[in-house]
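These notes are about the structure you will find just below.
For the numbers below, each heavy atom of this structure counts, side chains included, while hydrogens, waters and symmetry mates do not.
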Amino acid sequence: MAVDLTPRQPTKAYGGDGGSYYEWSPAELPMLGVASIGAAKLSLAAGGMSLPSYSDSAKVAYVLQGKGTCGIVLPEASKEKVVAVKEGDALALPFGVLTWWHNTPESATELVILFLGDTSKGHKPGQFTNFQLTGSSGIFTGFSTEFVGRAWDLKEVDAAKLVSTQPASGIVKHTAGQKLPEPVPADRKDMALNCLEAKLDVDIPNGGRVVVLNTVNLPLVQEVGLGADLVRIDAHSMCSPGFSCDSAYQVTYIVRGSGRVQVVGPDGKRVLETRIEGGSLFIVPRFHVVSKIADASGMEWFSIITTPNPIFSHLAGKTSVWKAISPEVLEAAFNTTPEMEKLFRSKRLDSEIFFAPN
């Protein structure tokens, strides 16, 4: 049975004065359940803080807008890392990591973070579950004061008071007088990579640019088990038809701009043809070929691939498999003449994966 691949926008799950948490649901985007992928977005207003929580899934976080602070406690660590984050930063967050996020009260913009990850071992496949440590839905609200008191070595009355002090759930808002830890520059090492400042893996004039996250430039990607990239293509440029040839799913969030996308299945049938715009997310199934063309504004997207070091095969351009196939095989495959084969092979000799408009 065919699965609906239509790109979707997220819906608000909860929030308040400090900000909101949005998520994509498998009910609206069925491929999330099929691929066991979670997708969510956190938006923090000035002074907003996402309270400390665990997640049931390994994930990649990407800062879409603003700047702020992320607190990270790695499994079995005795001290948190306090990392300054800004637009373009990508962070790999393995299983067992506790995080909190904060936007300064003086900020003129919201801090917006995208989360994409693998939910195959999660509480609900296709959707993240965050386990809050404090607040009205915090884990310790479910334990009796006897158990909490014994665990924290407090009198029951003090344990009850401490557990009930934070009435909010998930996201709170701080005032200018409340202080949080200052970011530590050394804590960024191996924790974050800014995709807007990193060395480009592909740079095609008037075509597009790519930065790939992998185990070399962001080592924790290995523990997360996901690869990721940031792609920016110029006005009316095309991204070559291609697919992940190592049986991975590709999850794509459109950061800004707009354009068109087509996806073709292994049976040669087009399974998706639609317009895509900033804020939308879609998933390309295994062994499906995808291609995109940007509108006049260009297009930028952030993707994860469900393997830490993905292998892509492109079907057009100088790195295309067609350039490697012998002329005789190409003639037989297309049932064409030597003249047509030569014409076909003579094209796209200088273009890689992005094609600028003629």
Any side-chain heavy atom of [X] sitting closer than 4.5 Å to one from [Y]?
X	Y	value
H288	P266	yes
W322	R348	no
P327	L330	no
S297	S258	yes
L180	V82	no
L200	V211	yes
L42	I171	yes
D295	R275	yes

Donor-acceptor pair, [X] side chain versus [Y] backbone, under 3.5 Å?
X	Y	value
T119	G126	yes
N214	N217	yes
N194	E87	yes
D201	V212	yes
T141	S137	no

Identify the heavy atoms of [X] and [Y] that sit nearest to each other, and give their distance.
X	Y	answer
R345	I325	NH2-O, 2.8 Å
I311	D246	N-OD2, 3.1 Å
S291	C239	OG-O, 2.7 Å
S136	S169	OG-CB, 3.1 Å
K59	L226	CA-CD1, 4.4 Å
L196	E300	CD2-OE2, 4.4 Å

So which pairs with a foot in residues 62-71 pass side-chain hydrogen bond (donor to acceptor under 3.5 Å, both in side chains), sequence neighbours left out?
-> none
In this structure, are over 12 heavy atoms from other groups packed under 6.0 Å from [X] atom [atom1]?
X	atom1	answer
N206	CG	no
K323	NZ	yes
E277	CD	no
E182	CD	no

Decide side-chain contact (heavy atoms from CB on, under 4.5 Å) for T11 and S25; before the verdict, give the C-alpha distance in whole Å, the side-chain angles of both, and the deciding distance to 0.1 Å.
-> CA-CA 8 Å; T11 57; S25 166; 5.6 Å; no
Apply salt bridge (charged side-chain N to carboxylate O under 4.0 Å, His left out) to D234 and R209, showing your working.
-> CA-CA 9 Å; D234 297 322; R209 291 150 296 284; 2.7 Å; yes
Separation of [Y] [atom2] from [X] [atom1] (nearest 0.5 Å):
X	Y	atom1	atom2	value
D89	E197	CG	CD	7.5 Å
E331	E339	CD	CD	8.5 Å
W101	S53	CH2	OG	10.5 Å
L98	I72	CG	CD1	10.0 Å
N103	L44	CG	CG	6.0 Å
L51	Q166	CG	CD	5.5 Å

Pair D190-L220, side-chain contact (heavy atoms from CB on, under 4.5 Å): steps then yes or no = CA-CA 7 Å; D190 294 335; L220 282 177; over 6 Å; no
Can [X] and [Y] be counted as having a side-chain donor-acceptor contact under 3.5 angstrom?
X	Y	result
S303	T252	yes
E110	S43	yes
D4	T6	yes

If you measure from the Lys or Arg side-chain nitrogens to the Asp or Glu carboxylate oxygens, is any gap between E23 and K124 under 4.0 Å?
->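 A salt bridge is absent here (no side-chain N lies under 4.0 Å from a carboxylate O).
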Under 4.5 Å between side-chain heavy atoms, hopping through other hydrophobics if needed: is there a path connecting [X] to [Y]?
X	Y	answer
V60	F128	no
I139	F147	yes
L116	L91	no
L315	F287	yes
F115	L64	no

Under 30°, 30 to 60°, or over 60°: which ring-plane class applies to [X] and [Y], parallel, tilted or perpendicular?
X	Y	answer
Y21	Y14	parallel
F140	F143	tilted
W24	Y253	perpendicular

side-chain contact (heavy atoms from CB on, under 4.5 Å) evaluation trace for I204 with F355 = CA-CA 8 Å; I204 299 175; F355 311 139; over 6 Å; no
From the list L5, I304, V3, L32, side-chain contact (heavy atoms from CB on, under 4.5 Å) with I283 holds only for L32
Go through the steps to decide whether Y249 and V34 satisfy the test side-chain contact (heavy atoms from CB on, under 4.5 Å), and finish with yes or no.
-> CA-CA 10 Å; Y249 292 98; V34 173; 4.0 Å; yes
